[in-house]
Amino acid sequence: MTLPWWNVGAVLPALLLSPLLLGLMGKTKALVAGRKGAPLLQPYRDIIRLMGKGAVYSRTTTWVFRAAPAVSLASILVACMMLPAGPLDAPFAFAGDLVLFAYFLALARFAVIAGALDTGSSFEGMGASREAAFSAFAEPGFFLVLGVLALKQKALSLGPILGGADVITWDGQTPPLVLAAVALFLILLAENSRIPVDDPTTHLELTMIHEVMVLDHSGPDFAFILYGSALKLWLFGAVLVSILLPGGGPAWASMALFLAGMAVVAVLVGLVESIMARLRMARVPQYLSLAGVLAALAALLLMAGGQP
Amino acid sequence: MNPATLALAAPACLLLGALVSVALGRRSGAAGTVAVASCSIAAVLGGASAIEVLRTGMPWGWTSAWSLPWASLSFGMDGLSAFFLAFILVLAVPAAAYGRGYLAHHGGSAWTSASWAFFQILVASMAMVVLARDGVLFLLAWEGMSVASFFLVIYDHGKPEVRSDALVYLVATHLGAAALAAMFGLWGREAGSLNFHALDAAFPGGKVGWVIFLLAFAGFGSKAGLAPFHIWLPKAHPAAPSHVSALMSGVMIKMGVYGLMRVILLTGNPPRGWGYTLLGAGALSAVGGVLYALAQHDIKRLLAYHSVENVGIITMGLGAGLLARTSGMETVAVLALCGSLLHVLNHGLFKSLLFYSGGAAAQAAGTRDLERMGGIMRRMPVTGGAFLVGAVAICALPPFNGFVSEWLIYSGFFGGAIQGAGAPSAALFVAIPVLALVGGLALACFAKAFGVAFLGEPRSEGAAACREVSAWMTLPMVFTGAACAAVGLGAPWAIRLVAPAAQALAGIRASFPWEAPDGSGPLYAVVLAGWALLALVALLLGARRLLLRGKTVTVEPTWGCGYAAPTPRMQYTASSFAQPLLAPLARLMRPSLKKRRPKGLFPEKASYASHYEDPADRAIFDPAVRLFERLATVVRPLQQGRLQAYLLYVLLALVALLAWEVLT
Amino acid sequence: MSAWSYTILVTVLLLNLLLAVTSRLSVLIRGFAIQAACIAVLALLLDGFNSPHAWIVAGGVFTLKVVLIPYFLNRAVVRTNARRELEPLVSYGTSLLLASLGVLLAFALAARLPMEARRAGLLLAAAAFATMLTGLLLLVTRSKALTEVVGYLVLENGIFLFGLTLLNRMPLMVEMGILLDVFVGVFVMGIVVYNIHRTFDHIDVGALTSLKEEEP
């Protein structure tokens, strides 16, 4: 087993296009609401402008606060290297990388939570507490989805389990895969702080989760955080799209299909955000357990042998 | 020197050190230094011997007759013993050094010197436990370990709660020892001898085999702190001084794991049911332990519950290994067992680290209550950094050691789930989300513990007045922290410590699948990802520095969302932090809540307190204590206080024995 | 079994989960009706479209359980003005958990059936058991009379589904008899519910305990 590190190019779509997802999402929401909305490239401008700014640090904070955005972004970047992009194989692929993928995302979360607690702000503590709780409830569902894919493909690496998963070919294992994809979409919304779990555009700190955790970050630090959440959205979206899209065919065609799929995911999230309201906090664990139950049902169906 | 002599010299050196420590009397500082020295020498001797066995793969055994009935003086070392011996002796050194600093401000007293003697006796008897190859010898060493640790726990015997908690520990550990004695008795009756060689050949299958297993499970499980036998653990760890907590939680409870593994090795071919039992009990321990850890706000109690959780993870790995082995998936079994064994080492490292740093913070702040700490990172940077490393490692986050062992265990689960078929595979698949849930909850719990205790503003005057502790205490933290990083970033080498034992437990002689030295196995990839992370973090921090060059960087108060006069008491508390996680589980965990709601237009006082009582206390411990009390009342009239009455008992006993002799 | 019938069975399983967690009576009734429709289609799929037996059974199920019974139930909802089950005996989160455990149990049970009872595979029997268990769960944990009726109907859906595993052996008369039985049962219950409502102004079965004699 060797590490195909020369596939570094597979990371490029994520690095370059992930902020576009946020733009697309915002545009969808604006259009549904009958507004014109910010330009598609606005997230890029935000990130670049933040990079050029100075920074303000809280008197309470220590080096933990200053290191948190870098650690968080770095671990999301490592996770990026394990994910194939459409037809391109991941540069960092080996048996068992799916666990590593999930745990690098967890490290990113831990860093941001620690940074939030470092400010001593009660609001940021509140956001940190909710983020920790909800992602703990989401974790079993996410691992169940990975387990379903591994069971389906009899493999332990993200490349083969995503490349081989193929809902479009209508065989007996389609229903479990669809269930897993739905569960993953529910988890995607929760993990990326989207409605119905979190409202990224709310203006009341009491009702925020992710946004309130990063209130005190500014300048390049905040740019790292913003870019990190765009990448994280890309990662979850890419897993989802890879489950749904067929493999094979010429590389340019599947690449185009993959990118189109990513755009559809962004629009879909935008639509969900436009038509749904945020759940009450107390209902979120139920929402996440629903995702877990769907994924568990998918696993059960696969283990029962699929279509006879 | 041959490895046998080296290995046996280690406990001898420790016992000698114990004698010297006692002899030093009131000069307890010197007694502590003696302990550090004897532990270091023992670590060198025992470590050399263990490495020799691990390197050559040649086990040794040494037997001699003994005057005790049914016993022989029998020692030996195989891969499993070698790993555990090195583990015990090496981790005892930082614990001793830390204790030398921790006890320094207690002043010189003979009791402190005696405590140092017990410390060395504890380490020596643990070494004897893993070297013993005879049932009686094993039980004697086990008993030495229990008694020595009891005296260490009761160090602060002036406090009544310490006395009662230590008593719970003494009773629990002896109930466990009783189960072990019964197990050896039952097994020895089949084998005709208590020597491990004899036991090895004569494991009875069927029902007797199951009884032996359940006795071993109860006896070793209670030492390991597996739920529901963990009752003593969250009581004893907070009561003991921190270096003792570290040694007990990091090392001593692993003797229970060693015992289970030894029994499995001796049975030769364990039935599949054991695998299910261990996997299930491990899952219960892991989830229960982390949930109750979340509910704690005493930092040492929280860490103690995390020991329950981690022993659960270790046991899950062991159970998965057995399931895979009995289903013919040897490679998967090796993965899970390597993970389980490596987690023994890793938990020893990061739990010691956490007890060192958490204990130092608690000592400096004058409280173990998280709600009264805060802001310690600024005041004690080394201690705070050490706790952060420990927290990241125990949450199994890369790039530290906890991740490597959990990754191996996950690989066992996933591998078993996709390779096999039927019930064993289904059980292994179910274990995946359980471990994921435990991971998520542990992350929340350590974000809470680290964030509330070390970050933010100090929540009490004690916390505000913290100062960094002495080098005696910080150096052990640096050592164990560095070891956490080294195992995490050098896993392909660290795994060689446990690979022989894992192969023996998996029942195969083939070489470990990832021993390929060309740097190509998945484990190398895991480690590489850790290095990549470090490189990227350095790169990003450098980039930030470049970006900020020449820009204005100001330092202001934390943004209070428009509120003008924030105070440290307005920070999010540990209880509030855990609330969103625990509230949905209120039905399950049944907290007792005391609420006083604000009333009226100008509310005066309001309060809220939550307390989570351990269900094992409620369901097992309290009823058991009540039962014993009732029994004690029944036999109380026997206690007359008159000499004649006792002589009468002696006479009655004598007559009864004679009658028995005559009648049979 | 074709991919279609497989998909339909998965839908039946999902509907069970929906029925266990929803608090809206209209969703409950609609969920039941869709489940019944799924079963009717399944009866046709499993026996081929040219078996008159299957057409009769499917037609009967469709007329009664997809059209008539939901119609009556919806009327009862409108008349009694009870749109939500607000006080279930266990929370909806627990319900979801219990229903999922029920699915697990159903698969375990189905795996133990003798082979000839698994004509159409493990999944059919598992879905049948899961549906029965969901019906029982609704019966046990809900307190509105209407929800209880739906629970009973879901239970019957499960029994019918199980009958499908043996379809070509179960005589037509027995099937029709069960269907008719259910219809009459629901009809009577509908009348009773309506009358309870008229007399007591609500349809909470818990309140029926007040009908017993006073303790002296």
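This structure is a prediction, so every number in the text was calculated from the model and none was measured. Numbered from 1 within each chain, the chains take letters A, B, ... in sequence-line order.
A442(B) does not touch chain A: none of its heavy atoms, backbone or side chain, sits under 4.5 Å away. Contacts between A583(B) and chain A at a heavy-atom distance below 4.5 Å are absent for every atom of the residue. With a threshold of 4.5 angstrom between heavy atoms, L388(B) approaches chain A through side-chain atoms but not through N, CA, C or O. Contacts between Q579(B) and chain A at a heavy-atom distance below 4.5 Å are absent for every atom of the residue. For P584(B), the part sitting under 4.5 Å from any heavy atom of chain A is the side chain, from C-beta outward, and nothing else. Residue A128(A) touches chain B through both its backbone and its side chain, counting heavy-atom pairs closer than 4.5 Å. Heavy atoms of F65(A) lying under 4.5 Å from chain B are absent altogether. At a 4.5 Å heavy-atom cutoff, the contact between L100(A) and chain B is made by backbone and side-chain atoms alike. Both the backbone and the side chain of D118(A) come within contact range of chain B, with heavy atoms under 4.5 Å apart. F429(B) touches chain A through its side chain: at least one heavy atom from C-beta onward sits under 4.5 Å away, while N, CA, C and O do not. Both the backbone and the side chain of V56(A) come within contact range of chain B, judged by heavy atoms closer than 4.5 Å. Contacts of T60(A) with chain B are made by both backbone and side-chain atoms, with heavy-atom separations under 4.5 Å. With a 4.5 Å cut-off on non-hydrogen atoms, R109(A) touches chain B through its side chain but not through its backbone. Contacts between T61(A) and chain B at a heavy-atom distance below 4.5 Å involve the backbone alone (N, CA, C, O). Looking at F450(B), the atoms closer than 4.5 Å to chain A (heavy atoms on both sides) all sit in the side chain, from C-beta outward.
Between Y410(B) and Y103(A), the distance from one ring center to the other falls under 6.0 angstrom.
Around atom CZ of R278(A), more than 12 heavy atoms belonging to other residues, nucleotides or ligands sit under 6.0 Å away.
R544(B) places no side-chain N or O within donor-acceptor distance of the main-chain N or O of D221(A), the cut-off being under 3.5 Å.
With chain A as the partner, the residue from L443(B), V452(B), V430(B), V434(B) showing the most heavy-atom pairs under 4.5 Å is L443(B). Heavy-atom pairs under 4.5 Å with chain A peak, among T558(B), V392(B), T573(B), at T558(B). The most heavy-atom pairs under 4.5 Å with chain A, out of A396(B), A543(B), G439(B), A532(B), come from A396(B). Contact count against chain A (heavy-atom pairs under 4.5 Å) is highest for L540(B) among L539(B), L540(B), I432(B). Of the residues considered (V526(B), L437(B), L435(B), L533(B)), L533(B) shows the highest number of contacts with chain A, using heavy-atom pairs under 4.5 Å. Of the listed residues (L441(B), I418(B), T552(B), L294(B)), the greatest number of heavy-atom pairs within a distance under 4.5 Å of chain A belongs to I418(B).
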Candidate pair F142(A) and F101(A), rule side chain to side chain contact (heavy atoms under 4.5 Å, CB included), full reasoning: CA-CA 11 Å; F142(A) 188 55; F101(A) 178 77; 3.9 Å; yes

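Contact annotation: the side chain of F387(B) approaches that of F446(B) to within less than 4.5 Å [non-hydrogen atoms, C-beta and beyond]. Counting heavy atoms from C-beta outward, L231(A) and C80(A) have side chains that approach closer than 4.5 Å. You'll find the side chain of L534(B) reaches within 4.5 Å of the side chain of L489(B), heavy atoms only. In this structure, S135(A) and E191(A) have side chains that are in contact, with non-hydrogen atoms separated by less than 4.5 Å.
Atoms CE and CZ, on M213(A) and R130(A) in that order, are 11.5 Å from each other to the nearest 0.5 Å.
Using modelled atom types, one finds no donor on one side chain facing an acceptor on the other under 3.5 Å when comparing S193(A) with E211(A).
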